[in-house]
Structures are given as structure tokens and as C-alpha cells.
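The chains referred to below are lettered A, B, ... by the order of the sequence lines, with proteins before strands, and numbering in each begins at 1.
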Number of protein chains: 2
Amino acid sequence: MTSVDAAIVHPYEGACTGSRADHAPAIRGVLDRIGDKWSLLVIGTLRESTLRFSELQRHIPGISQRMLTLTLRQLERDGLVTRTVYAEVPPRVEYALTDRGRTLVDVAVELAKWSVEHFPAIERSRADYDRTHAA
Amino acid sequence: MTSVDAAIVHPYEGACTGSRADHAPAIRGVLDRIGDKWSLLVIGTLRESTLRFSELQRHIPGISQRMLTLTLRQLERDGLVTRTVYAEVPPRVEYALTDRGRTLVDVAVELAKWSVEHFPAIERSRADYDRTHAA
DNA sequence: CCGAATCCAATCGGATACTG
DNA sequence: CAGTATCCGATTGGATTCGG
């Protein structure tokens, strides 16, 4: 078992072995960010091209102005996207992935792949469960 | 660009091409589940062995009885975990991954790997950002 | 055009007490 | 042992309004 495997299988026993860091905080720290409602969609949307605020909002229907702002600020704070302001009128602000952000895209694509492949079956399981466990 | 890539880059434009399904609901549906506070840790903890309720709770310090129950019910409903009750006294209930659940472990490990690798730098970025943007 | 500020409803999740 | 039930504070996120 690798160290990374251990982090998710026994994320809290690090102190016992004495030789390995406790990786749970890292996993929680990342999940708390990209596990939210919009971060991964923003990351994915910026995958191929730099976009400005209004373009991002058009590419991600359903996201409110507030949540797009908050999400972009978090991603910028984590060093995953850059925010570039051009001193023009009307103002123009462009968002792009950093190198670190691009490495996250690969993980996001893996998760998207799994989701698309398994979600239909999951929905059937849910329907079965609900029918079986109906009051 | 593959279909899966498209789902995360332009998750809502499926209707325009006419040939591809709209994958955003699948990604959202999966993220809404495994993006919560405990699901991924439960999945990872069940990776190598079947465990009973109290064993799971010991392996995931910090999880409340209530949240472990709720999380396991959701995972069972999604067909990711099986719940087996043995008619004994005292009662014994064992939880195990399904085949589908095991495929999710691979994705979870990828995410854990990325987290462990990048979280230290993320924390430094956060500190920098907070110092730079201090009132 | 970009975004900050405020308000508010809904959901999440911990603590506690109780049950077969 | 393995839950269920209730209460309640904290967090999330949408709608709206205002500002540079």
C-alpha cells in the first residue's frame, strides 16, 4: 500500500507509524474546495481558453453572479486561476488556469468520466432503492 | 475533444450538437454525493475489507453516529455499498463495497494523490493571498 | 462590465437522548 | 451493537440592490 493509498484508507493513523505524514487534512482541504457546487465546472470551463467574467457566466448556466465571484476568488486564492484586470472602459477582467490549475483538470476529467459512465446505473439503483424501501 | 471532455468544458451545449447527451447532470449528481463531508472517506475505508458499523466509526475519527448512518444509507441507495444484517445477538451489520463502489475507489485515489501533492503549495498560496489582500 | 453588500431560505451536520 | 429521533447552530447559495 502506497502512502497515498494509506491516506484515504487510514487517513488518521499517521501518528502511529511515525514515518508518514497525516494526509487527511490535505484530502479534506481539497475536497472542501473542489467539492462545492461550482469550482470543478469553472476549472473545466477554463480548460481550453482564457475567459472573461461574463463569458464564464454564459458558459455555466445557472451560476449566479455572486457564486461565480466567490468561486473565482477561492480558486485565485488557492493559486489555481489567475485574474488579470485591463485598465479599459468598459473594464475587462480575464481569468485563466495556472499550471497548478491545469494539473487539476486531469483529475476533474477522470471524475467526469466516471460520472458519465456510472450515473445512469446509479439513478436506476436509486429508483430501485426508493421503490423497495417505500413506506 | 472527447465526449467526456466536452461534458466538463461545455457541459450544457449538448443540445446544439444534436449528437451528444448533456452530461452536466451526471457530473453534478456525482459531485453532490461524493463531494460531501464523509462519503469519500467511507469509500476509501472500505477499500480493503468489509467492516461493521462500529469499526467504520473507529476508522473515521470525527464522524458522528448520525452522519455515518446517513452516509452509508446514501451509498447503499446509489449501489456503491452493500449492507448485510446478521440475525445474531448482539446484532452485527457489515458494510462492503460493490463492484461499482470499487471503480470509484480508483478515482478517489487519484484525487487523494493530487491533494497530497498540491495541498502544501495551496496553503502557501492562501497565506500569500491573505497577506497581500489584508485590509 | 465587473463585482461588493445585504438579506434570507434551505440544507448540513454535530450533540444528545432514546430504542430493538 | 446499530441504529432512530429531535433539536439547533453553522454554512450554503440564490435574489436583489448598489457601486466604480
Study note, to complete from the structure: Contact check, residues 81-96 of chain A vs DNA chain D, heavy-atom distance under 4.0 Å, returns A/Pro91

Exercise for review: Mind checking B/Arg52 for me? I need base, sugar-phosphate or nothing, with any heavy atom below 4.0 Å counting as a touch.
Suggested key: sugar-phosphate

Review point. Does any donor atom in the side chain of B/Arg92 or B/Thr84 lie under 3.5 Å from an acceptor atom in the other side chain?
Key: no

Practice item. Check step by step if salt bridge (Lys or Arg N to Asp or Glu O under 4.0 Å) holds for A/Lys113 and A/Glu110. Key: CA-CA 5 Å; A/Lys113 201 178 299 183; A/Glu110 286 306 302; 3.4 Å; yes

Point to revise | Flag, side chain of B/Gln74 to backbone of B/Thr71, donor-acceptor distance under 3.5 Å | key: no

Check your understanding: Picking from A/Arg100, A/Glu76, A/Arg77, what satisfies side chain to side chain donor-acceptor pair (under 3.5 Å) with B/Ser125?
Key -> A/Arg100

Review point. Along DNA chain C, 5' to 3', what are the outermost nucleotides having an atom less than 4.0 Å from a heavy atom of chain A?
Key: C/dC1 to C/dT6

Check your understanding: Taking atom types as modelled and ignoring hydrogens, do the side chains of B/Arg28 and A/Ser115 form a donor-acceptor contact shorter than 3.5 angstrom?
Key -> no

Point to revise | Side-chain donor-acceptor pair present, A/Asp36, A/Ser39, cut-off under 3.5 Å | key: yes

Study note, to complete from the structure: the helix from C/dC1-D/dG20 to C/dG20-D/dC1: angle between terminal helix axes, five bp per end, to the nearest 10 degrees, reads 40°

Review point. Would A/Ile34 and B/Tyr129 show up in the same hydrophobic cluster when neighbours are defined by side-chain heavy atoms closer than 4.5 Å?
Key: no

Point to revise | Partner set under side chain to side chain contact (heavy atoms under 4.5 Å, CB included) for A/Gln57, not counting sequence neighbours | key: A/Phe53, A/Ile63, A/Gln65, A/Leu68

Exercise for review: Using atom types as modelled and distance alone, determine if a side-chain donor or acceptor of B/Glu117 lies under 3.5 Å from a backbone N or O of B/Trp114.
Suggested key: no

Practice item. Go through the steps to decide whether B/Leu111 and A/Leu111 satisfy the test side-chain contact (heavy atoms from CB on, under 4.5 Å), and finish with yes or no. Key: CA-CA 9 Å; B/Leu111 183 62; A/Leu111 183 62; over 6 Å; no

Practice item. Give a yes or no answer on whether the side chain of B/Thr98 reaches the backbone of B/Gly79 with a donor-acceptor pair at less than 3.5 Å. Key: yes

Review point. Quick one: on DNA chain D, does A/Lys37 or A/Gln65 contact a more 5' nucleotide (nearest heavy atom)?
Key: A/Lys37

**Study point:** 5' to 3' contact window, DNA chain D with chain A (heavy-atom distance under 4.0 Å)
**Key:** D/dG13 to D/dG20

Exercise for review: Return the minimal non-hydrogen interatomic distance between A/Leu51 and A/His59, and the atom names on each side.
Suggested key: CD1-ND1, 4.2 Å

Exercise for review: With sequence neighbours excluded, tell me which residues meet side chain to side chain contact (heavy atoms under 4.5 Å, CB included) with B/Val85.
Suggested key: B/Arg83, B/Val93

